Amino acid sequence: MTYVLVVISWLGVANGAVISTQEFSSAERCEVARMALMEYAKARSSDETLRPLCVQK
């Protein structure tokens, strides 16, 4: 089963939203990547502009 990490980033009024995806072989790997991305965003104080989620493909 394949899982997809969907990341929606808000770049501001002028640029709008950006959506990116990456596939993983398991839900656990997808969740680890999602959590790492959120920790990175929090460290940069940009977690309010980021919405990552894992979905089954």
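Every value quoted in this text rests on a predicted model; they were computed, and no experiment measured them.
- Once rounded to the nearest 0.5 Å, the distance linking CD of Glu28 with SG of Cys54 reads 10.0 Å.
- In this structure, Gln22 and Val4 have side chains that are not in contact, with every pair of non-hydrogen atoms separated by 4.5 Å or more.
- Rounded to the nearest 0.5 Å, atoms CG (Leu50) and CZ (Arg44) are 11.0 Å apart.
- Residue Leu53 is grouped with residue Ile19 when hydrophobic side chains (ILVMFWY) are merged at heavy-atom distances under 4.5 angstrom, including chains of intermediate members.
- Side-chain atoms of Leu5 and Pro52, non-hydrogen and from C-beta on, do get closer than 4.5 Å to each other.
- Counting heavy atoms from C-beta on, the side chains of Leu37 and Val7 come closer than 4.5 Å.
- Between atom NZ of residue Lys57 and atom OG1 of residue Thr2 there is a gap of 6.0 Å, rounded to the nearest 0.5 Å.
- Here the straight-line distance linking atom CD of Glu31 with atom CZ of Phe24 works out to 10.5 Å at 0.5 Å rounding.
- Minimum heavy-atom separation, Cys30 to Tyr3: CB-CB, 4.1 Å.
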